[in-house]
Amino acid sequence: MPELPEVETVRRTLAPAMNAKITAVRSSGKPLHMRRPVPIVAIREALVGHRIVGLRRIGKYLLVDIGRDSALLVHLGMSGRFRLVNARAEEAPHTHVVLALDRGRELRFSDPRRFGQVELVRRGQEREHPALADIGPDALEDEITGGYLFEQARRRKVSLKSFLLDQSVLAGVGNIYASEALWRAKLRPARRANRLDAASANTLAAAVRRVLDDSLTHGGTSLKDFVDADGNEGENADYLQVYDRAGEPCPRCRTKIRRSVIQGRATYACPTCQSR
DNA sequence: ATCACGACCTGGAGGC
DNA sequence: TGCCTCCAGGTCGTGA
């Protein structure tokens with residue numbers, strides 16, 4: 001579900017929760033275990049009575065700044081949802097963590113597959129958390145230039161597809177947008193990163209930015225689970241050029257899009273015009 | 001150090 | 001209808 005555009009869309013749609021006071025914290029009951037245990041007692045002790053003072057994103061992670069020195073670290077995994085709702089709204093299945101807010105609202109985290117993550121970090125020291133320690137520059141930041149990608153790619157033997165998925169190289173690209181960016185740049189997903197030339201690196205940097213910007217404009221991609229904090233789906237699935245479109249004609253050259261598997265992940269590409 | 005692969009989970013889709 | 005297999009937006013630990 002959630003790559004940079006989806007997480008950023010959630011972040012933006014959470015804006016009405018700014019300055020809200022946390023009045024209670026509750027969980028589904030049994031000891032919570034997602035990718036890591038959720039320290040619900042510590043979360044409650046640190047957050048109740050304090051206000052939401054910031055909403056940040058680091059790669060695919062959300063940080064909800066609360067009170068003077070805490071932040072809630074949230075990752076949506078594959079199927080996670082983070083929603084701002086009326087407290088009287090019916091609770092979705094697999095709702096694991098609920099922050100009750102003032103004015104009758106609640107922030108609810110639900111995640112059927114439990115690949116997500118909810119933890120407490122100390123504000124200012126969030127980078128010490130192992131999940132954030134190795135996250136590279138954000139994929140939408142200006143420092144993601146052709147020169148930067150070229151320099152990073154030079155030292156790696158992995159495929160370009162895997163290279164783009166490496167969050168320590170650039171943060172925010174996931175499986176959908178890796179395929180989309182490589183299509184836009186006319187690059188073969190299986191090509192070794194260290195074979196990338198400087199001109200192609202420029203093209204790739206521009207393609208990554210364009211693909212993510214476009215998706216953000218459309219509110220993200222909802223293939224299955226993704227909704228924003230208000231429960232609305234994103235429209236970007238309608239604009240995907242190759243992802244999940246095996247057998248359909250390439251929008252550029254009409255060759256049939258082919259699905260392959262690279263490092264265990266579905267990869268979509270045009271065998272004709274992605275030849276470099 | 002780098003890389004490929006399987007594990008972690010639930011639920012939906014499709015085949016028979 | 002039911003049961004089976006496969007697949008899914010991510011990340012991490014293991015072993016080569």
Side-chain angles (χ1 to χ4, degrees), chain A residues 1-10 28 30-38 57-62 73-82 92-96 109-119 129-136 139 152-182 189-195 208 211-212 215-216 218-228 233-247 259-268:
Chain A
M1 174 222 302
E3 308 181 31
L4 187 154
E6 291 74 37
V7 179
E8 178 62 16
T9 298
V10 171
S28 50
K30 43 207 149 182
L32 270 191
H33 213 288
M34 300 206 283
R35 280 187 36 238
R36 312 165 64 108
V38 177
R57 179 182 60 76
I58 297 182
K60 301 175 192 173
Y61 289 85
L62 276 172
L73 176 65
V74 177
H75 194 293
L76 300 175
M78 294 277 246
S79 56
R81 292 179 169 186
F82 200 36
H94 304 286
T95 296
H96 301 120
F109 180 87
S110 63
D111 183 9
R113 293 179 72 180
R114 283 187 279 134
F115 287 176
Q117 199 170 344
V118 179
E119 288 187 62
H129 191 285
L132 298 182
D134 297 324
I135 302 277
Q152 292 292 312
R154 229 162 49 139
R155 303 183 260 116
R156 299 178 199 247
K157 291 195 178 131
V158 291
S159 64
L160 280 178
K161 168 84 185 307
S162 300
F163 175 69
L164 288 179
L165 291 178
D166 185 339
Q167 302 299 297
S168 70
V169 173
L170 75 173
V173 175
N175 207 40
I176 295 177
Y177 303 113
S179 280
E180 292 293 309
L182 289 166
R191 184 179 179 106
R192 306 279 105 175
N194 60 9
R195 305 278 313 282
V208 166
V211 158
L212 297 177
S215 179
L216 207 39
H218 300 130
T221 300
S222 295
L223 292 178
K224 212 163 132 54
D225 298 308
F226 170 68
V227 294
D228 67 20
E233 297 192 342
E235 304 297 325
N236 194 248
D238 295 342
Y239 300 88
L240 296 177
Q241 306 293 299
V242 291
Y243 187 87
D244 205 22
R245 295 196 184 282
R259 178 188 186 275
S260 63
V261 174
I262 294 179
Q263 304 232 121
R265 318 286 313 271
T267 306
Y268 299 85

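If you're wondering where the values come from, they're calculated on a predicted model, not measured in any experiment. In the text below, chain A, chain B and the rest are named by the order of the sequence lines, each starting its count at 1.
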>> Counting the atoms with a prime plus P, OP1 and OP2 as sugar-phosphate, which does A:G264 contact under 4.0 Å by heavy atoms, base, sugar-phosphate, or nothing?
In response: nothing
>> Under 3.5 Å for both pairing distances: what stems, at least three Watson-Crick or G-U pairs long, include DNA chain C?
In response: B:2-8 with C:10-16, B:10-16 with C:2-8
> NA contact type, A:Q167, heavy-atom cut-off 4.0 Å: base, sugar-phosphate, or nothing?
Replying inline: sugar-phosphate
> Mind checking the P distance from C:dC7 to B:dC5? Whole angstroms is fine.
Replying inline: 15 Å
> Between A:D225 and A:R113, is there a salt bridge with N-O shorter than 4.0 Å?
Replying inline: no
>> Please give the distance between the P atoms of C:dT14 and B:dC9 as a whole number of Å.
In response: 15 Å
> At under 4.0 Å, does any side-chain N or O of A:H94 touch on OP1 or OP2 of B:dG11?
Replying inline: yes
> Is A:R113 near enough to B:dC8 that one of its side-chain N or O atoms lies under 4.0 angstrom from OP1 or OP2?
Replying inline: no
> Between atom CZ in A:R265 and atom P in B:dC3, what is the gap in whole Å?
Replying inline: 17 Å
> Is A:Y177 touching bases, backbone alone, or none of the nucleic acid, heavy atoms closer than 4.0 Å?
Replying inline: nothing
> Do we count A:F115 as stacking onto B:dC8 if the rule is ring centres under 5.5 Å and planes under 30°?
Replying inline: yes
>> For a quick check of understanding: with a heavy-atom distance under 4.0 Å over all strands, which category does A:R259 fall into, base, sugar-phosphate or nothing?
In response: sugar-phosphate
> Under the side-chain hydrogen bond (donor to acceptor under 3.5 Å, both in side chains) criterion, do A:R245 and A:Q241 qualify, and how do the steps go?
Replying inline: CA-CA 8 Å; A:R245 295 196 184 282; A:Q241 306 293 299; over 6 Å; no
> Are any of A:K60's side-chain N or O atoms less than 4.0 Å away from OP1 or OP2 of C:dG10?
Replying inline: yes
> Between the main-chain N or O of A:R265 and the side-chain N or O of A:T267, is there a donor-acceptor pair closer than 3.5 Å?
Replying inline: yes
>> What contact category does A:S222 fall into here, base, sugar-phosphate, or nothing, at under 4.0 angstrom with non-hydrogen atoms?
In response: base
